[in-house]
**Student:** 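Take this structure, written in structure tokens, and hold onto it; I'll ask about it next.
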Number of protein chains: 2
Amino acid sequence: MSISRSGTQKNRQNSKRTTIYDVATVVGTSPSTVSSVLNGTWKKRRISQKLADQILLEAQNQDYSVNMQASMLRRERSRIVGMIIPKYDNRYFGAIAEQFETMARQHGLFPVITCTRRDPELEIEAAKALLSYRVDYLIATGSTDPDSISRLCQDAGVRVINLDLPGTLAPSVISDNYQGARHLTSVILDQCFKDFGRSEPLTFIGGRGTDHNTAARVSGFIDAHQEKGIVLRETSIQTCGYAAEKAEHTLALLDKTQLKGLFVNSTITLEGVARWLWNNEPSFVTQVRYGCFDWDPFAAQLPNNVGMAQQDVIPMLEAVFEMLEQTSVTSGVHQISCVFRPGAAFRLES
Amino acid sequence: MSISRSGTQKNRQNSKRTTIYDVATVVGTSPSTVSSVLNGTWKKRRISQKLADQILLEAQNQDYSVNMQASMLRRERSRIVGMIIPKYDNRYFGAIAEQFETMARQHGLFPVITCTRRDPELEIEAAKALLSYRVDYLIATGSTDPDSISRLCQDAGVRVINLDLPGTLAPSVISDNYQGARHLTSVILDQCFKDFGRSEPLTFIGGRGTDHNTAARVSGFIDAHQEKGIVLRETSIQTCGYAAEKAEHTLALLDKTQLKGLFVNSTITLEGVARWLWNNEPSFVTQVRYGCFDWDPFAAQLPNNVGMAQQDVIPMLEAVFEMLEQTSVTSGVHQISCVFRPGAAFRLES
DNA sequence: TAAGTTTGCACAATCGATTGCGCAATGTTG
DNA sequence: CAACATTGCGCAATCGATTGTGCAAACTTA
């Protein structure tokens, strides 16, 4: 043992964590041997079973745990996979976060998620921070500007995948928003016809017109109407943003007699829609049918909710992890079908 | 520059990330100077403004970003704060996660959250993993066995704080479950009396009898009844676990004529309660009033929901971060009041 | 101008683990 | 028994940043 290390031994007394040097000293072997035993490469290094057992035992005695900082510094890969995500507080993103962690662990990776609260600057900051921690991969979920994140990652030589919202510089996994919206629209229209006996166009509410997903859903919304020969009004598409308040405000300005059926573009928007509905004269609720993109267990039980298009998180993340393992960096868009979930059987009728 | 480092320079060519050595070489200064300029300690080291500017510029040119692994290895503190949390997929924990991240960043700390899906083993694993990453602090949220996590952290010399569920070996921040439940119970009882004209005991459903929070809420539930002189039945308290299915199953076995008012112990349980309610004869819903501990925007709008006790996440986390900064390790329990949130004005009546 | 300060920066040790390489001891073959 | 192969393990360089210390140059004071 070199002089510098024996100096280290002294410091060890203060800080509680034990190192491979401590274990090596007690067992009477070298740090490199301890290291290889503890990280599983010891057969390759032809360490004897007996010595390995002693080291393992002593490591336990000393409550040894690797210093990941040191380990990662030396290794080429960190085995960390980062994710940035807009919010935790709805079922869709919550499920993504949870599933992502589970699958990352299954793949032997350590997941680190950062929530960027739909703030474009924070997205960039967060991506930079994760790169500073030397993540091996980055998943950019629902980012407002996926391509600048992709650029950061490319400069750093880190593989990146877009989730939920597509980009052009990295492979993307998103829902089949078009088909999901088209089917949902169709179901709401059918229910309205069944309950009201007439075929009037629905109102699409929420989302940003500039955002890819909203655009695709609007497309499906339009085509479902066309299919049934129902003509849209100029006011039929209200992409007023996702925020609940915006939806509430927008609805208040529209002609109520024309609001028989609503296509709500997200659960966040639905919060506003529901507030508005419930705050109208009680009888009004009975005259409205609605459906929503994204699923929430309680929202699904709200009266007169016809159904919800659930984004299928598990296959989405399976696709993500599959792409991570591929060596080629194809930047295509992989679409995953949505699952239609009927609303509560429960109806309020006048 | 020593020989070893010039060897390093060669490797740099392959890996894209630039280091302080690269910047130093180009500027014609030493790595230590670059380091101190980039981490802000350069005034203390009396580096000239001019050289600092050059270094900063060159660092930008090269897209330099610190290698946190290396930085943390050398420093005493990692400035990482870890959190383990049971789930992301409900509003309470979602809000905790989000608020935690925000406040951690405000305090100059890097937050790392790990979701343990209410699995005791995973809790321990996750805590060990975070300790391996050398977190400076650990927040154990809703853990089934806070004390063994505390023990791990104490061995490692890491400060730990329990959140949501208290432990005995570390300071804890929890909601005032007793008062919250007592008030909620009282409100539901009042509503039942108003709507049904009679005072019958409520049924408490969900949670584990062994868990601190459930016990405190049951206490408040009992006292609120006593206060009004209402006598509980033997079947009035059903702590059948949190899972939605368990609640559904339990309710199915009870005497429906006695289920006029329900105290639901969590939103997860409420999912099952709502399913059960909605699956009964439609008229049955009209005869029931309920309230729930924890808040959810859609659950709050379900018909005949009297109100919800919202746990006040912001002051809870403020208390947590305050405790982190304290040097003394008092292991008391800090209780935070809940906020009562009325349910939808909307009522279904027969 | 000599002695003492201050300014400005570089050196080298260090954090803890990983890993290519080398070498002694033991085992095998002819 | 010599030549060679295998087993078992330690040495030392290395990852990239941080920081105590030292020292020359510039500046000040007497």
Side-chain angles (χ1 to χ4, degrees), chain A residues 1-12 14-15 17-25 27-52 54-55 59 64-78 132-134, chain B residues 1-12 14-15 17-25 27-52 54-55 59 64-78 132-134:
Chain A
M1 183 147 305
S2 66
I3 288 173
S4 61
R5 280 304 168 186
S6 67
T8 302
Q9 291 307 317
K10 205 170 157 195
N11 297 337
R12 289 277 107 240
N14 314 337
S15 114
R17 337 283 281 242
T18 65
T19 70
I20 52 171
Y21 297 90
D22 301 316
V23 176
T25 306
V27 176
T29 182
S30 75
S32 56
T33 302
V34 173
S35 172
S36 74
V37 168
L38 293 176
N39 68 29
T41 58
W42 57 282
K43 299 128 299 176
K44 205 169 60 190
R45 288 183 149 264
R46 297 180 312 221
I47 306 299
S48 67
Q49 180 75 51
K50 189 181 143 213
L51 182 54
Q54 287 182 64
I55 290 175
Y64 174 84
S65 90
V66 224
N67 183 326
M68 277 302 188
Q69 255 71 63
S71 172
M72 286 157 61
L73 175 58
R74 189 53 177 74
R75 279 183 329 210
E76 65 308 347
R77 300 185 47 215
S78 67
S132 230
Y133 282 94
R134 296 299 186 258
Chain B
M1 185 147 303
S2 65
I3 288 172
S4 61
R5 279 304 168 187
S6 65
T8 301
Q9 290 309 317
K10 205 171 156 195
N11 296 337
R12 290 278 106 240
N14 314 336
S15 116
R17 336 285 280 243
T18 66
T19 70
I20 50 172
Y21 297 90
D22 300 318
V23 176
T25 305
V27 176
T29 180
S30 75
S32 58
T33 303
V34 173
S35 172
S36 75
V37 167
L38 292 177
N39 67 30
T41 58
W42 57 283
K43 298 129 300 178
K44 206 170 58 190
R45 287 182 150 266
R46 295 182 312 221
I47 307 298
S48 67
Q49 181 73 52
K50 187 180 145 215
L51 182 54
Q54 286 182 66
I55 289 174
Y64 174 83
S65 91
V66 224
N67 182 326
M68 278 301 187
Q69 256 72 63
S71 172
M72 286 157 61
L73 175 58
R74 189 54 176 76
R75 280 183 328 212
E76 67 306 349
R77 300 183 49 214
S78 69
S132 231
Y133 281 93
R134 296 300 186 258

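Quick caveat, the model's predicted, so the values are computed rather than measured. Heavy atoms only: backbone and side chains are in, while hydrogens, waters and symmetry mates are out.
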**Student:** Can you tell me which nucleotide in C:dC11, D:dG8, D:dT18 comes closest to the side chain of B:Arg75?
**Tutor:**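 Of the candidates, D:dT18 comes closest.
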**Student:** Check step by step if side chain to side chain contact (heavy atoms under 4.5 Å, CB included) holds for A:Val34 and A:Tyr21.
**Tutor:** CA-CA 8 Å; A:Val34 173; A:Tyr21 297 90; over 6 Å; no
**Student:** Compare side-chain N and O positions of B:Ser35 against OP1 and OP2 of D:dT18 and report whether any pair is under 4.0 Å apart.
**Tutor:**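 For D:dT18, OP1/OP2 do have a side-chain N/O of B:Ser35 under 4.0 Å.
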**Student:** Roughly, in whole Å, what's the span from NZ in B:Lys44 to P in C:dT7?
**Tutor:**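 Interatomic distance, NZ of B:Lys44 to P of C:dT7: 16 Å.
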**Student:** Does some side-chain heavy atom of B:Leu51 sit less than 4.5 Å from a side-chain heavy atom of B:Thr29?
**Tutor:**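 A side-chain contact exists here, since the closest heavy-atom pair is under 4.5 Å.
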**Student:** Round to a whole Å and report the spacing from CD of A:Glu76 to C1' of C:dG20.
**Tutor:**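 After rounding, the gap between these two atoms is 14 Å.
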**Student:** Grab the CD1-P distance between B:Ile20 and C:dC9 for me, whole Å please.
**Tutor:**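 In whole Å, C:dC9 P lies 16 Å from B:Ile20 CD1.
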**Student:** Say you draw a straight line from CD1 of A:Ile55 to OG of A:Ser35; how long is it, rounded to the nearest 0.5 Å?
**Tutor:**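 Going from CD1 on A:Ile55 over to OG on A:Ser35, the span is 10.0 Å.
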**Student:** Given C:dT18, is OP1 or OP2 found less than 4.0 Å from the side-chain N or O atoms of A:Thr41?
**Tutor:**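 Result: no.
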**Student:** From B:Arg134 CZ over to B:Arg77 CZ, what is the distance, rounded to the nearest 0.5 angstrom?
**Tutor:**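 So the CZ of B:Arg134 and the CZ of B:Arg77 are separated by 15.5 Å.
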**Student:** To the nearest angstrom, how far is B:Arg45 atom CZ from D:dG20 atom P?
**Tutor:**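 My rounded result for the distance is 7 Å.
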**Student:** So do the side chains of A:Thr19 and A:Asn67 get within less than 4.5 Å of each other, counting heavy atoms only?
**Tutor:**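 Sidechains of A:Asn67 and A:Thr19: no contact.
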**Student:** Which nucleotide, C:dG8, D:dT7, D:dT18, lies nearest any side-chain atom of B:Asn39?
**Tutor:**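 Out of C:dG8, D:dT7, D:dT18, the nucleotide with an atom closest to B:Asn39's side chain is D:dT18.
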**Student:** Using atom NZ of A:Lys50 as one end and atom P of D:dC9 as the other, report the distance to the nearest whole Å.
**Tutor:**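 Nearest whole value for this atom pair: 9 Å.
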**Student:** Among C:dG16, C:dG8, C:dA10, which nucleotide sits nearest the side chain of B:Arg46?
**Tutor:**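 Of the options given, the side chain of B:Arg46 lies nearest C:dG8.
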**Student:** In this structure, how many angstroms lie between the P atom of D:dG10 and the CD1 atom of A:Ile47, rounded?
**Tutor:**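 Value for this atom pair: 7 Å.
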**Student:** For B:Leu51, report the nucleic acid contact type (base, sugar-phosphate, nothing); a contact means any heavy atom under 4.0 Å.
**Tutor:**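 Touches sugar-phosphate only.
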**Student:** Rounded to whole Å, how long is the line connecting atom CZ of A:Arg17 with atom C1' of C:dT14?
**Tutor:**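 After rounding, the reported distance stands at 18 Å.
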**Student:** For the pair A:Ser132 (side chain) and B:Val66 (backbone), establish whether a donor and an acceptor sit closer than 3.5 Å, ignoring hydrogens and angles.
**Tutor:**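 At least one qualifying donor-acceptor pair exists.
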**Student:** With no hydrogens and no angle check, do the side chains of B:Ser71 and B:Arg75 hold a donor and an acceptor under 3.5 Å apart?
**Tutor:**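 Looking only at side-chain atoms, B:Arg75 and B:Ser71 do form a donor-acceptor pair, the distance falling under 3.5 Å.
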**Student:** Using whole Å, report how far CH2 of B:Trp42 lies from P of C:dA10.
**Tutor:**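 Rounded to the whole Å, the gap is 15 Å.
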**Student:** Mind running a 4.0 Å heavy-atom check of residues 65-74 of chain A against DNA chain D and sending the residues that fall below it, in number order?
**Tutor:**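 Contacts with DNA chain D under 4.0 Å: A:Leu73, A:Arg74.
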**Student:** Does C:dA17 have OP1 or OP2 under 4.0 Å away from a side-chain N or O of A:Tyr64?
**Tutor:**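 Checking A:Tyr64 against C:dA17: at least one side-chain N or O falls below 4.0 Å of OP1 or OP2.
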**Student:** Taking 4.0 Å as the cut-off, does a side-chain nitrogen or oxygen of B:Ser30 come that near to OP1 or OP2 on C:dC9?
**Tutor:**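 The answer is no; no side-chain N or O of B:Ser30 sits under 4.0 Å from OP1 or OP2.
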**Student:** Assuming nearest nucleotide by heavy-atom distance, tell me which of A:Ser32 and B:Gln49 is located more 5' along DNA chain C.
**Tutor:**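 So the residue in question is B:Gln49.
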